[in-house]
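Each chain gets a letter, A, B and so on, in the order its sequence line appears, and its residues count up from 1. Below, each value reflects all heavy atoms present in this structure, side chains not excepted, and no hydrogens, waters or symmetry copies.
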2 protein chains.
Amino acid sequence: MLRRGFGGFAYQHIAVQLGIRNAAIHYHFPSKDDLGVALVQRYRGGFHAWVADLPSGWSSWQTLRAYFETYGRYLQGEACRLCPGGALAAEFETLPEPMRHEVRLLMRDIHQWLSDTLETGRREGVLRFQGQPSDKAIELAAALQGGLQTARLIGTQRFYQLLDQLALELTGETPACDAGAMP
Amino acid sequence: MLRRGFGGFAYQHIAVQLGIRNAAIHYHFPSKDDLGVALVQRYRGGFHAWVADLPSGWSSWQTLRAYFETYGRYLQGEACRLCPGGALAAEFETLPEPMRHEVRLLMRDIHQWLSDTLETGRREGVLRFQGQPSDKAIELAAALQGGLQTARLIGTQRFYQLLDQLALELTGETPACDAGAMP
DNA sequence: GTCTATATCCGGATAGAC
DNA sequence: GTCTATCCGGATATAGAC
């Protein structure tokens, strides 16, 4: 789904990879909508687990940098995947309503976490940005999601440069993560 | 296509709106691929025409602000459309190769124009940003495209706030366009 | 150039054996 | 829980009349 979108993948794709028949998938997920909803719920649960597992000693910038790296990971392998939010927001109009609801929840949680992290980071002096944290959060999320999509057109290297650019603006210095050197 | 994506719209949708039959569309565009390629070419031509029509007296910030406003226009009406780049980059994997080529050209032209505009604006002192113009151009384009997609989830108001946020960072002051007051 | 009618294919979904 | 076989709807595409 992260490669082809919800409307772009078929039971057949899964069946071939698992070496089963698509009827077997229908046993676990009666309709494609059910499968879609379960996937988004899994993504959201994964995000919550990721946030919960962050080392408590990390600064806001360290956690934000780690979040950037999760996006870099979507490009690893020959897959060139999108982030869940980017794949699903783009085809939001054609999604069944139950999926739309889950996507809204996922996006809300990400924005909330980003906003909190940005606010804390600025208060502690490790992050710099103008405007409201909630607005900056939406800008960051949009840039990451749009950049990931564009990476498939113009090359992954450009996406790592985008990560560096975002880091440069947030910290005011050359990024410590050196995303440009990532694989 | 800007609402449902290339894979998400059918000849039927067009036929109903035009009050014709889908066979009539096939007369003009034998295959859906042909229609898709023609659409992207039209978008690119429209962008070139838009750039060519910019008043020669405008500053870099005035033209950039006008570019932002074209994105705000995608949200007008009840359509809630995406920008061509955002709609097509998201489903790039499933696009036929001739369309991919056109999308790459469109994205390249937009990035090039943005980069040039940013560079000029900074040199003339009307725009402020860190890093290379080419990197900032990709960040801007990604934020606009991702933000437009996200607007359908969280409301158009948030997108206008994003435009304000981008303007604030580029000019260092409250945006003159007051995008937050747009319809 | 547009119509009616139809061919063709694909993907989601179900029935029933095992 | 997975299989084979089949149904069904939707979408691209074509043939031929007008």
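- In this structure A:Tyr71 satisfies the side chain to side chain donor-acceptor pair (under 3.5 Å) test together with A:Tyr67, sequence neighbours excluded.
- Remark: A:His111 engages no residue in a ring-ring contact (aromatic ring centres under 6.0 Å, His included) (not counting sequence neighbours).
- The shortest distance between the side-chain N/O atoms of A:His26 and the OP1/OP2 oxygens of C:dA15 is not below 4.0 Å.
- In this entry the distance linking NZ of A:Lys32 with P of C:dA13 reads 8 Å, nearest Å.
- Atom OG1 of residue A:Thr63 and atom CG of residue A:Leu54 lie 6.0 Å apart, to the nearest 0.5 angstrom.
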Could you run down the sub-3.5 Å N/O contacts of the protein with nucleotides 6-9 of chain C?
none

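- Salt bridge B:Arg104/B:Glu97: present, at least one basic N to carboxylate O contact under 4.0 Å.
- Atom C1' of nucleotide D:dT14 and atom CZ of B:Phe29 are separated by 18 Å, given to the nearest angstrom.
- When all heavy atoms of A:Leu168 and B:Gln130 are compared, the closest pair comes out as O-OE1, 3.5 Å.
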Under 3.5 Å between N/O atoms: give me all the protein pairs with nucleotides 3-5 of chain C, atom names plus distance.
| from | atom 1 | to | atom 2 | distance (Å) |
| --- | --- | --- | --- | --- |
| C:dC3 | OP2 | B:Arg21 | N | 2.7 |
| C:dT4 | OP2 | B:Arg21 | NE | 2.8 |

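- Counting only heavy atoms from C-beta outward, the side chains of A:Asp164 and B:Asp135 never approach each other to under 4.5 Å.
- Looking at residues 4-13 of chain B, you'll see B:Phe9, B:Ala10, B:Tyr11 sit with a heavy atom under 4.0 Å from some atom of DNA chain D.
- The distance from atom NE2 of B:His28 to atom P of D:dA13 is 16 Å, rounded to the nearest whole Å.
- Side-chain contact, A:Glu169 with A:Gln165: a donor N or O sits under 3.5 Å from an acceptor N or O.
- For the pair A:Ile25 CD1 and D:dT2 P, the interatomic distance rounds to 10 Å; values are reported in whole Å.
- In this structure, the side chains of A:Leu170 and A:Phe68 come closer than 4.5 Å at one or more pairs of heavy atoms.
- For B:Tyr27, whose side chain is taken as the heavy atoms from C-beta onward, the closest listed nucleotide among D:dT12, C:dG1, D:dG1 is C:dG1.
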Show me, pair by pair, the donor-acceptor contacts under 3.5 angstrom made by side chains of residues 137-149 of chain A, not counting sequence neighbours?
| from | atom 1 | to | atom 2 | distance (Å) |
| --- | --- | --- | --- | --- |
| A:Glu139 | OE2 | A:Lys136 | NZ | 3.4 |
| A:Gln145 | NE2 | B:Gly146 | O | 3.4 |
| A:Gln145 | NE2 | B:Gln149 | OE1 | 2.9 |
| A:Gln145 | NE2 | B:Thr150 | OG1 | 3.4 |
| A:Gln149 | OE1 | B:Gln145 | NE2 | 2.9 |
| A:Gln149 | OE1 | B:Gln149 | NE2 | 3.1 |
| A:Gln149 | NE2 | A:Gly86 | O | 3.1 |
| A:Gln149 | NE2 | B:Gln149 | OE1 | 3.1 |

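- A 4.5 Å side-chain heavy-atom check between B:Phe6 and B:Phe92 finds every atom pair outside the cut-off.
- A salt bridge does not link B:Glu102 to B:Arg108: none of the charged nitrogens lies less than 4.0 Å from a carboxylate oxygen.
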